[in-house]
2 protein chains.
Amino acid sequence: MNKRLGDSTPVYLKLQTKIQSEIENGRLSPGDCIPPEKELAQMHQVSVGTVKKAILNLANEGYLYRIQGKGTFVAGTTMRRENLRYYCCLNAFGGKEASLKIKFLELKKTDGIEQINCYLKIRHNQGLYELRRLFISNKKPLIYCVSYFPQKLFEGLETFQTNRFERIPLYLLLEKKYGLPTTSNRELIGTVKTDEDCSKILKIPQGTSVLFIEMISFTYRKKPYEYRQSYCITDTHKFLREY
Amino acid sequence: MNKRLGDSTPVYLKLQTKIQSEIENGRLSPGDCIPPEKELAQMHQVSVGTVKKAILNLANEGYLYRIQGKGTFVAGTTMRRENLRYYCCLNAFGGKEASLKIKFLELKKTDGIEQINCYLKIRHNQGLYELRRLFISNKKPLIYCVSYFPQKLFEGLETFQTNRFERIPLYLLLEKKYGLPTTSNRELIGTVKTDEDCSKILKIPQGTSVLFIEMISFTYRKKPYEYRQSYCITDTHKFLREY
DNA sequence: GCTCATTTGTTCGTATGTATC
DNA sequence: TGATACATACGAACAAATGAG
């Protein structure tokens, strides 16, 4: 590794960027172990301290985690973000959280949808998966959500047993199978009057105002991988957000 | 500074905790400069590397920021969080942001309110400030918000010229005057039908469903310093949240 | 515009402690 | 128990930015 000849980016930063790229490119996947400090130092002809700095930075940013005596590993979503919960429903601050059951409704392939493909940064002609789910608390429907994914990114999704969608959070399912952790989410929050389909599923009168959340989830390199619409009943429980 | 005799917490961590305490206790305020590495090293009889580690950790956590050649300084909210925007209103992802004008409505002292004092972690008998504001976009009211603060924490708030509340974000005003930066926010999001007061101010029919956001803002040591209720019209613009 | 003292940033190397298997 | 790997701590040298004179 060239030590600041001509270009002025520090050595540790070059190494750091290199490792980060390998993670983002999928050459290293969540759970993988990277070579020990000493070895990396020899490989790149730099000191151990420099390697340590690069690795600690990546660990701070959530790309890696380290265990003393064991090694350094590539982090997944759970490691990066202790508490990723899209739907945490409370009746009040400090109040009780609703325990949500997931009900799988449907998963199907669809053609591209212009607006959504645009959000997902894929071409108009690329197909999508559409996943519809219902979240139920105390036998009462609370959230109806429709997710869209690029077919190209998640090939074979339709072969999953449907009950797997009801057992673990979607983002964990996708990370496990496709190696894509969630790095950030962006939401637009508003209200909307339910249409026929939605009001039937939520068992409320058509035209009722409900909370409407559009979300885009991102993975490495700020790449969007899911667009989701959620219709939420907030009579008894409200949605927690922290930032 | 005792170097790991008996107790096992590392030296750098003790120093780090010490500096953090001084910031959180207000002995150091946003903008203040701390002694240079060499001096701190001598003061505590440790090596420069150890001081560096303590300071870099605090810088990563947002307590400090450093400028090469100048020194190390205590960070305020703007330094800690580039983009703290409670109200960022977009018509769609990638769409245009509404430019909001703030209209000051009222600031008054009130008695404690049980539920709110509880959120703010102060005793029932402690008084509050109540601040009411209206956010306007394109001459149309978008957000009506009512904030509550502990009187004890913000003594003299009522002596501010009211137009100062219309010029800069509230959190900056409070930080500047009282030295309390915002470290995190917690929100509960739902919908509510407007009452008479609210519908008059927002110029919409009474009983219209609007987005309703309750928020608690925290400063150092996770201390709550504001409780806020926002009533938001989301016909044209929705609320952005990232996490 | 230049120089110099100060301060942080980068890099090296070494020694020792501690957790894991 | 020993080998491995990360964590802590020290110290030294030089680079790069800042601000004062």
Side-chain angles (χ1 to χ4, degrees), chain A residues 1-20 22-23 28 30-75 79, chain B residues 1-20 23 28 30-75 79-80:
Chain A
M1 186 143 301
N2 37 336
K3 297 184 187 154
R4 323 191 63 170
L5 304 174
D7 98 61
S8 65
T9 65
V11 181
Y12 79 87
L13 195 51
K14 281 189 209 143
L15 178 55
Q16 182 180 328
T17 309
K18 185 163 174 285
I19 299 174
Q20 184 176 328
E22 288 180 357
I23 296 173
L28 290 170
D32 286 358
C33 179
I34 72 170
E37 295 174 352
K38 226 188 286 181
E39 208 171 306
L40 283 171
Q42 282 177 353
M43 283 168 53
H44 298 93
Q45 291 296 301
V46 298
S47 78
V48 184
T50 301
V51 171
K52 198 184 267 291
K53 174 141 188 163
I55 289 181
L56 282 181
N57 282 345
L58 288 173
N60 281 330
E61 292 171 23
Y63 286 91
L64 300 171
Y65 65 96
R66 319 191 80 190
I67 301 177
Q68 185 177 151
K70 278 186 85 172
T72 302
F73 306 86
V74 178
M79 276 296 166
Chain B
M1 187 143 301
N2 38 336
K3 297 185 186 152
R4 322 193 60 170
L5 304 174
D7 99 59
S8 65
T9 66
V11 181
Y12 79 88
L13 195 51
K14 280 188 209 141
L15 178 55
Q16 182 181 328
T17 309
K18 186 162 173 286
I19 298 173
Q20 184 176 328
I23 295 172
L28 289 169
D32 286 358
C33 181
I34 72 169
E37 294 174 354
K38 225 188 287 182
E39 208 171 306
L40 282 171
Q42 283 178 352
M43 282 168 53
H44 298 91
Q45 290 295 301
V46 298
S47 78
V48 182
T50 302
V51 171
K52 202 184 267 291
K53 174 139 189 163
I55 288 181
L56 282 180
N57 282 344
L58 289 173
N60 281 331
E61 291 171 23
Y63 286 92
L64 299 172
Y65 64 96
R66 320 191 79 191
I67 301 177
Q68 186 176 155
K70 278 185 85 172
T72 303
F73 306 86
V74 178
M79 275 298 167
R80 297 176 68 96

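For A/Pro10, counting side-chain heavy atoms from C-beta on, the closest listed nucleotide (C/dT10, C/dT8, D/dT8) is C/dT10. Here the side chain of B/Arg66 is nearest to one of C/dT8, D/dT8, D/dC10, namely C/dT8. Here C/dT10 is the nucleotide among C/dT7, C/dT10, C/dG9 with the atom lying nearest to any side-chain atom of A/Tyr12.
Note on A/Lys38: nothing from the nucleic acid sits closer than 4.0 angstrom, heavy atoms only. Using a 4.0 Å heavy-atom distance criterion, B/Gly49 is classed as making no nucleic acid contact.
Here the closest non-hydrogen pair linking A/Thr72 and A/Arg66 is OG1-NE, 3.0 Å. The nearest pair of heavy atoms linking B/Gly62 to B/Ala75 is O-CB, 3.3 Å.
Computed from coordinates, the B/Leu13 CG to C/dG17 P distance equals 19 Å when rounded to whole Å. The interatomic distance linking A/Leu56 (CG) with C/dT10 (P) rounds to 14 Å, in whole Å. In this structure, A/Gln42 atom CD and C/dG13 atom C1' are separated by 14 Å, rounded to whole Å. Summarising the geometry, the separation between CG on A/Leu40 and P on D/dA5 is reported as 11 Å, rounded to the nearest angstrom. Atom pair B/Gln16:CD and D/dT8:P shows a separation of 10 Å (rounding to whole Å applied). Regarding A/Glu37, its CD atom lies at a distance of 12 Å from the C1' atom of D/dT4, rounded to whole Å. When rounded to the nearest whole Å, the span between NZ of B/Lys53 and C1' of D/dC6 equals 10 Å. In this structure, A/Lys52 places its NZ atom 15 Å from P of C/dG13, rounding to the nearest Å.
Among residues two or more places apart in sequence or in another chain, the side chain to side chain contact (heavy atoms under 4.5 Å, CB included) test is passed with B/Asp32 by B/Leu28, B/Ser29, B/Val74. Residues passing the side chain to side chain donor-acceptor pair (under 3.5 Å) test with A/Lys53: none are found, sequence neighbours excluded. A/Glu22 pairs by the salt bridge (Lys or Arg N to Asp or Glu O under 4.0 Å) definition with A/Lys18, not counting sequence neighbours. Checked against side chain to side chain donor-acceptor pair (under 3.5 Å), A/Lys70 has no partners two or more places apart in sequence or in another chain. The side chain to side chain contact (heavy atoms under 4.5 Å, CB included) check on A/Lys38 picks up nothing, with sequence neighbours excluded.
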Distances under 3.5 Å only, N/O to N/O: pair up the protein atoms with those of nucleotides 18-21 of chain D.
unit_1, atom_1, unit_2, atom_2, d
D/dG19, OP1, B/Lys70, NZ, 3.2

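Side-chain nitrogen and oxygen atoms of A/Thr72 include at least one within less than 4.0 Å of the OP1 or OP2 phosphate oxygen of D/dC6. When the side-chain nitrogen and oxygen atoms of A/Ser8 are compared with OP1 and OP2 of D/dA16, none of them lie within a distance under 4.0 Å.
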